Amino acid sequence: MTTVPTLYGMVLAGILFGLGVLGVIIRRNLFFILLSLEIMLNAAGLAFVVAGSRWAQADGQVMFIFILTVAAAELSVGLALLIQFQHRFHTLDIDAASDLRG
Amino acid sequence: MQGECRPWFLRTEREGKRAVMTLSALIPILPLLILGLGAVVVMLQAAFYRHHALTWVLTLLIYLVALGSLPFVARTLPAKVTSLVLVDPYALYFLGLMLAGGLIVAVLSFGYLRGGHGNAEEYYVLLLLATLGAAVLVVSSHFATFFLGLELLSVPLYVMICYPKAGRARLEAGFKYLILSAAASAFLLLGMAFLYDQLGTLEFSGLMLASSSPGSSHLFLLTGYGLLAVGVGFELALVPFHVWTPDVYQGAPAPVSGFIATVSKGSLFVLFLRLFGQAAIHSDRSLWWMFAVLCIASMLAGNLLALVQSNLKRILAYSSIAHLGYLLIPFLALGPSARPAVAFYLTAYFAITLSAFGVVGALSSPEHEVEDLEEYRGLFYRRPGLAILLTMSLVALAGVPPTAGLLMKFYIVTAGMEASLWFLLILLVIASVVGVFYYLRVALVLFRRPSEEPLRSLPVRLLSRGEGIALVVLAGIVMVLGVYPTPFLQFLQRVVYPIG
Amino acid sequence: MNVIFYLAGAVAILSTVLAISRLNAIHALLYMIVSLLAVALSFFTLGAPFAAVLEVIIYAGAIMVLFVFVVMLLNVGPEATEQERLWLQPANWGGPAVLAVILIAELAYVTLHEVLAAPPAQIITPLGVSLTLLGPYLLGVELASFVLMAGLVAAFHAGRREPD
């Protein structure tokens with residue numbers, strides 16, 4: 001059988017997603033946090049394509065296209081804010097922004 | 001499939017195997033179209049001629065036209081516009097509520113932004129788009145519109161939080177909101193993908209607890225629902241996913257915080273009710289208990305954590321966390337009076353919360369947010385009108401008669417009693433009692449006579465006429481709903497009752 | 001076909017691990033791009049060539065380039081030149097290069113041996129995707145364009161440098 005079991009595809013997506021979550025939690029540099037968020041979104045997109053392939057429907061790829069679009073929009077806003085952040089705080093360290101605690 | 005080559009808008013409904021959009025299908029989503037077109041119009045207007053007041057009036061007009069189109073839409077209900085959108089009376093009512101919320105935020109924002117130096121016109125474009133996102137969420141019946149509506153709601157907010165100038169506090173709040181929202185979206189997406197993989201469909205109506213197709217796994221299904229729940233927990237700021245929410249509310253401009261607390265959370269909750277409220281999913285005990293835990297945690301932690309706060313916006317943030325917890329009770333009960341209870345609660349909650357944030361915004365300007373409790377000391381003697389309005393909001397949030405606050409909790413209790421959720425109801429009462437403490441503490445601060453001459457004289461910002469009118473109207477709604485709710489309640493029971 | 005998928009998956013996981021653990025932003029981006037290419041290859045083996053193409057063109061080709069631009073914008077000071085010199089050492093581009101070579105080998109195998117003669121369960125062609133996208137999902141397309149508009153207006157405003 002030449003089909004790849006969708007289980008493996010989902011597992012791959014899950015592992016990549018987990019790595020993304022790990023990245024968001026461990027890294028302090030905002031740039032890497034944004035990168036890890038992209039990893040998470042990409043992993044979710046992978047899961048959709050795998051699922052769509054299993055059911056032989058184009059809906060999976062359609063959702064993937066939407067995810068792609070949204071990731072691009074979100075990221076451009078995030079990066080614009082990142083540049084402002086660097087301008088204000090003179091660092092990309094997320095712990096530098098703790099004025100709002102308590 | 002080389003058959004159909006005519007453009008989609010010239011096809012008739014019978015042609016094609018898949019559902020194709022026709023012009024008549026556009027009527028049920030008329031409010032959405034108006035909002036979208038309106039956003040483009042405002043953007044063009046701002047591009048050609050920058051003028052804050054003009055943009056503001058244009059925005060208000062768009063909201064009013066969208067609201068005015070609702071009766072026309074009501075005649076065509078229930079309507080399924082492709083498989084992505086389902087407009088029924090339930091959705092239509094909340095659509096109106098979201099539009100009203102957006103309108104009020106727009107009104108409240110004018111006075112606030114007037115003093116700022118930044119370009120305010122983009123704010124209104126973003127506000128319209130965010131409201132469009134909320135509107136899409138409310139009518140959504142498919143994971144695609146769920147996701148797209150959510151993002152349409154979130155992306156403008158990232159920058160609305162940083163309005164008009166990206167100061168330190170604003171940027172921090174904006175980034176925290178961005179990370180939170182993007183992570184939540186990713187969790188939601190992965191959950192949706194798992195469910196799609198198991199069930200083969202992206203529509204809400206296809207959601208089930210067990211799939212009969214070969215190669216399906218119950219574990220994956222549950223994981224999918226679990227991931228979905230985690231995403232929703234982040235977005236609704238339920239405990240324990242609430243950690244950065246108070247920071248966001250504190251750092252954002254007051255009208256934007258008001259928007260997030262009401263329209264953003266409200267639209268998501270409406271969709272959540274539609275998605276998870278289906279009997280097929282609702283009967284799963286493990287899922288039910290997961291939400292019950294979230295409910296208990298939010299009710300208790302939301303109120304307890306607010307006790308130690310000295311910042312009014314943070315207190316309001318914890319209050320909204322607690323209120324979402326209360327709202328989970330009718331969701332968990334899902335009896336016949338659950339939906340009208342939710343509708344009444346959300347309406348009253350909108351009015352009260354927008355009123356509270358409106359007062360905070362009325363006192364603040366982009367340079368200086370008046371949020372510390374110390375600055376509110378003796379407010380009654382300096383700005384008596386605003387102090388009374390704020391007191392009314394606090395009293396309503398606490399659930400004291402004769403405001404709508406008591407009745408909204410009362411209907412929730414009714415819905416909970418139908419399903420005999422005694423444990424949860426007892427906790428609701430306990431949590432509310434705790435809540436009364438800190439709400440009244442703030443209210444008392446307003447009336448305390450300042451010990452010496454106000455060390456920080458509040459920059460007296462003249463209220464714009466719109467703000468004044470809006471705040472008075474909101475206060476009126478809160479009082480009327482509290483004293484004479486019957487006609488409204490009957491209307492809700494007629495309209496919001498689920499069909500079928 | 002299965003082997004290709006597993007190999008591409010392994011490359012994706014490995015390069016993602018490296019991407020989140022690098023200290024240097026450009027290194028992380030390089031590994032991230034490799035990861036995206038690997039995911040694109042796995043799309044191909046799943047019978048989703050359109051998704052594979054989009055992944056490469058848009059994700060790796062536009063979104064990652066956006067990241068690179070920002071890294072370039074934020075790099076200021078004399079450390080930058082020093083970093084440039086350090087970057088060109090084999091120790092830095094060796095890793096991504098090795099992984100990319102593996103992917104290229106897979107791609108070559110796939111094209112030269114016409115593995116598509118024995119396709120996976122069903123290939124969903126771009127035609128199929130577009131008929132679905134612009135048919136039932138038309139509303140989604142419009143909404144996505146509004147999301148892009150929101151991103152545009154938001155990024156425009158967020159990117160302005162205020163005179164302090």
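Predicted model, so just to flag it, every value in this text is computed and none were measured. Computation of the quantities below employed the complete heavy-atom set of this structure, encompassing side-chain atoms and omitting hydrogens, waters and symmetry-equivalent molecules.
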Self-check item: Among the listed options C:Ala25, C:Ala12, C:Gly9, C:Ala144, the residue most often paired with chain A at heavy-atom distances under 4.5 Å
Solution: C:Ala25
Quiz prompt | Contacting region of A:Phe32 [heavy-atom separation from chain C under 4.5 Å] | solution = side chain
Exercise. Give a yes or no answer on whether the side chain of A:Gln61 reaches the backbone of C:Ala48 with a donor-acceptor pair at less than 3.5 Å.
Key: no
Quiz item: Checking heavy atoms, do the side chain of C:Thr125, its backbone, both or neither come under 4.5 Å from chain A?
Solution: neither
Quiz item: Out of curiosity, A:Leu79 CG to C:Leu74 CG, how far, rounded to the nearest 0.5 Å?
Solution: 8.5 Å
Self-check item: Structural part of A:Glu38 lying under 4.5 Å from a heavy atom of chain C
Solution: both
Quiz item: Based on non-hydrogen pairs under 4.5 Å, which of C:Val39, C:Ile63, C:Val17 is most in contact with chain A?
Solution: C:Ile63
Self-check item: Heavy-atom side-chain proximity of C:Glu55 to A:Asn42 below 4.5 angstrom
Solution: yes
Quiz item: Could you state the interatomic distance from CG (A:Leu35) to CZ (C:Phe67), rounded to the nearest 0.5 Å?
Solution: 5.0 Å
Quiz item: Which value, rounded to the nearest 0.5 Å, describes the distance between C:Leu66 atom CG and A:Leu75 atom CG?
Solution: 5.5 Å
Self-check item: chain C contact via A:Ser36 - which portion, at a heavy-atom distance below 4.5 Å
Solution: side chain
Quiz item: Taking every heavy-atom pair that is under 4.5 Å apart, which of A:Leu82, A:Leu46, A:Leu81 has the most such pairs with chain C?
Solution: A:Leu46
Quiz item: Quick one: does A:Leu12's side chain get under 4.5 Å of C:Phe5's, heavy atoms only?
Solution: yes
Quiz item: Quick one: does C:Leu133's side chain get under 4.5 Å of A:Phe66's, heavy atoms only?
Solution: yes
Exercise. Could you look at C:Val70 and say if it's the side chain, the backbone, both or neither that has a heavy atom under 4.5 Å from chain A?
Key: side chain
Self-check item: Heavy-atom pair of closest approach, residues C:Gly159 and A:Ala80
Solution: N-CB, 4.2 Å
Quiz item: A:Tyr8 and C:Tyr6: aromatic ring centres closer than 6.0 Å?
Solution: yes
Quiz item: How long is the span from the CD atom in A:Gln57 to the OG1 atom in C:Thr132, to the nearest 0.5 Å?
Solution: 9.0 Å
Exercise. Sort C:Met64 into side chain, backbone, both or neither according to what part of it lies under 4.5 angstrom from a heavy atom of chain A.
Key: side chain
Exercise. Hey, could you give me the CD1/CD1 distance between A:Ile15 and C:Ile13, rounded to the nearest 0.5 Å?
Key: 4.0 Å
Quiz item: Rounded to the nearest 0.5 Å, how far does CG of C:Leu148 lie from OG of A:Ser76?
Solution: 8.0 Å
Exercise. Go through the atoms of A:Ile33 and report whether side chain, backbone, both or neither lie under 4.5 Å from a heavy atom of chain C.
Key: neither
Practice problem: Please determine, among A:Val50, A:Val11, A:Leu16, the option with the most heavy-atom pairs under 4.5 Å with chain C. | Solution: A:Leu16
Quiz prompt | Under 4.5 Å from any heavy atom of chain C - which part of A:Leu34 | solution = both
